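Source: prediction; values computed, not measured.
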Amino acid sequence: MQWEVVIGLETHAQLATESKIFSGAATAFGAEPNIQACGVDIALPGVLPVLNRKAVECAIRFGLAVGGEVAPRSVFARKNYFYPDLPKGYQISQFEEPVVSGGQLVIRVGQGAEAVEKTVRLTRAHLEEDAGKSLHEDFHGKSGIDLNRAGTPLLEIVSEPDMRSSQEAVAYARALHALVRWIGICDGNMQEGSFRCDANVSVRRKGAEKLGTRREIKNLNSFRFLQQAIDYEVQWQIGVLEDGGKIEQATVLFNPDTGETRAMRSKEDAHDYRYFPDPDLLPLVIDAAWKDQVRAELPELPDAMRARFARDYGLSAYDAATLTAALELARFYESCVAAAGRELAKPCANWVMVDLAARLNRAELDISHSPITAQQLAGLVRRIADGTISNAMGKKVFDALCNGEGADADAVIEAQGLRQMNDSGALEALVDAAIAGNPRSVEEYRAGKEKAIQALVGQVMKASKGKANPQQVNELLRARLKP
Amino acid sequence: MSLNLEQVFRAARLARLAISDAEAERTAAQLNNIFALIEQMQAVDTTGVEPMSHAVDLAQRLRPDAVTEADRRADFQAIAPETEAGLYLVPKVIE
């Protein structure tokens, strides 16, 4: 039996504001319990919510960035349920009239040059407040409640069920993660819960029109867990159906220790949230002027920048995609190209994507903490391009610059004497010495063994302490050994 | 439209209200009176009238994103039934 997997994601992105969505309490992560929970957040009687302008602006940014419709008028609603970390007994959210409708995200599925593009449609994005946190460690058989997170602004981004594998779901989550950071509305810190996904998963027989019954996997806070949870869930659902069973709609939790999903104890009324418009909040009005202003402040978007890199810098689709994975990285690369010159765009890309990326990776740093500046790297690329140093020496200069052993490439080259040998008399002497000292290689080369010349080049390079230009050495040797 | 007793009990349960059979009967009657009123209003032709989500025809006021609230945990927790290590303690809730 062939099965088709259908996945839609609901993502909660915590918005990058200083204060809560409806109160003036701070949102900083990691504060002592309950010191950032004011009267509004803990729902003291008589308090009223007042909407944070910045949270709305973040929603507008997102709507514009995904090509969705930013509603000129949207409405806040109460989602009613009881839980101790929700002091009001309802969560303020948006239901019938969300701030953003539609839009789409282009994702890349697969690795490197084989990656395939796919467009995932977005259903909507709406503003809402986060709940507090329940701690179930032992407090004498009780639960501890921390309301610091209560009222933190979230944008819930809902996709259409357009994904057909866990790989596609992860590619979507990654693209969305990159975008919200790119446009500066969310710090994307998954460990701290700033970006978390719920996955709606169902399976159906290949070719079937009707969607299968879905189960919703809650609160996945890493890309790896997202993939594992979906893979497990898909196999579980197929197993049930092939055994003649039926899937019951349910909310499930993923256990990273066992790699399994498990249905939450279902309460019959759990999904009856009795939404209604919140009488404490008036409709949110966003006029064209505000939208235009936000649009003007948006950075160039990743898709546009990727296309421009490929077009203007002659980069491959893969290189352009890699360099536009994050805004800071793309900006670093552009500064590097600006300083080195556009004709060196390709070597700049290689240095950023290979040597610099490896170094950052090893040190677990991101590009904003790069040990080498874009200008320093550009100076290095130029010195390789103009023949001052060899590529091999370039790596030494790169390491030296990263270690702070010089202000720029020129200083390092001078201080460490790495300049490529351009005194042809000295080089010719070394070539002659190599020929004299290696009669066997010379004989082999003369007998037609082309590879033998490499041994001679190696000798000269060694004698020059790496400062000779290997290509020049090669040419000199060939000239000398010509019959 | 009218509500039966079962629906009244369900609504009460969702709102965590414990009501007796007599209260349920009384509440059902009251709610059904309200539904009757709604039905009467439904008869009015509202073609072309935008539904309102609020009784006041104004837009939401926005506040600048600034931290204006100081820590008042000690005051708030002074009236809480039980606290420990800065947390509010509640009967165990775990799914």
Given that the side chain runs from C-beta out, which part of A:Lys20 has a heavy atom under 4.5 Å from chain B: side chain, backbone, both or neither?
backbone
At a 4.5 Å cut-off on heavy atoms, which part of A:Leu284 comes close to chain B: side chain, backbone, both, or neither?
both
Does some side-chain heavy atom of A:Leu44 sit less than 4.5 Å from a side-chain heavy atom of B:Phe76?
yes
Is there a side-chain contact between B:Asp71 and A:Gln36 (heavy atoms, below 4.5 Å)?
no
What residue in B:Ala66, B:Ala70, B:Pro64, B:Ala85 has the most heavy-atom pairs under 4.5 Å with chain A?
B:Ala66
Other residues, nucleotides and ligands only: do more than 12 of their heavy atoms fall within 6.0 Å of CG on A:Leu48?
yes
Between A:Arg274 and B:Ala15, what is the shortest heavy-atom contact and its length?
NH1-N, 4.1 Å
Engaged part of A:Pro283 at the chain B interface, taking heavy atoms whose separation is under 4.5 Å
both
Which of A:Lys54, A:Glu57, A:Glu96, A:Lys133 touches chain B most, by non-hydrogen pairs under 4.5 Å:
A:Lys54
Flag the one option from B:Thr83, B:Thr68, B:Val67 with the top tally of heavy-atom pairs under 4.5 Å to chain A.
B:Val67
Measure A:Val50 against the heavy atoms of chain B and call it side chain, backbone, both or neither at under 4.5 Å.
both
Taking the side chain as every heavy atom from C-beta outward, state whether B:Leu87 and A:Leu135 have any atom pair closer than 4.5 Å.
yes
Which atoms of A:Ala37 approach chain B - backbone, side chain, both or neither, heavy atom under 4.5 Å
backbone
Can you say whether A:Phe22 sits under 4.5 Å from chain B via the side chain, the backbone, both, or neither, judging by heavy atoms?
backbone
Around atom CG of B:Asn4, are there more than 12 heavy atoms of other residues, nucleotides or ligands at under 6.0 Å?
yes
Would you say the side-chain atoms of B:Lys92 pair up with the backbone N or O of A:His136, donor to acceptor, closer than 3.5 Å?
yes
State, yes or no, whether a side-chain contact exists between A:Lys142 and B:Glu82 at a heavy-atom distance under 4.5 Å.
yes
Side chain from CB out, backbone as N, CA, C, O: work out which of these in A:Pro277 comes under 4.5 Å of a heavy atom of chain B, or both, or neither.
side chain
Counting C-beta onward and ignoring hydrogens, is there a side-chain heavy-atom pair between B:Leu14 and A:Phe82 closer than 4.5 Å?
no
Of all heavy-atom pairs linking B:Ala59 and A:Val285, the shortest is CB-CG2, 3.5 Å
With a 4.5 angstrom heavy-atom cut-off, could you sort out which part of A:Val56 is near chain B: side chain, backbone, both or neither?
side chain
Okay, side chain of B:Asp65, backbone of A:Ser19: is any donor-acceptor separation there less than 3.5 Å?
yes
Identify which part of A:Ser23 has an atom lying under 4.5 Å from any heavy atom of chain B, answering side chain, backbone, both or neither.
backbone
Less than 4.0 Å between a side-chain N and a carboxylate O, is that true for B:Arg73 and A:Glu32?
yes
Taking every heavy atom of B:Gly86 against every heavy atom of A:Asn34, the minimum-distance pair comes out as O-ND2, 2.6 Å
Of all the heavy-atom pairs spanning B:Leu89 and A:Gly144, show the shortest one and how long it is.
CD2-CA, 3.8 Å
Picking from B:Arg72, B:Gln77, B:Arg63, which has the most non-hydrogen pairs under 4.5 angstrom with chain A?
B:Arg63
Quick one: of A:Pro84, A:Gly39, A:Ala55, who has the most non-hydrogen atom pairs under 4.5 Å with chain B?
A:Pro84
Please determine, among A:Thr27, A:Asp146, A:Leu281, the option with the most heavy-atom pairs under 4.5 Å with chain B.
A:Leu281
Contacting region of A:Ile21 [heavy-atom separation from chain B under 4.5 Å]:
backbone
Within-4.5 Å side-chain heavy-atom neighbours: B:Arg61 and A:Leu282:
no
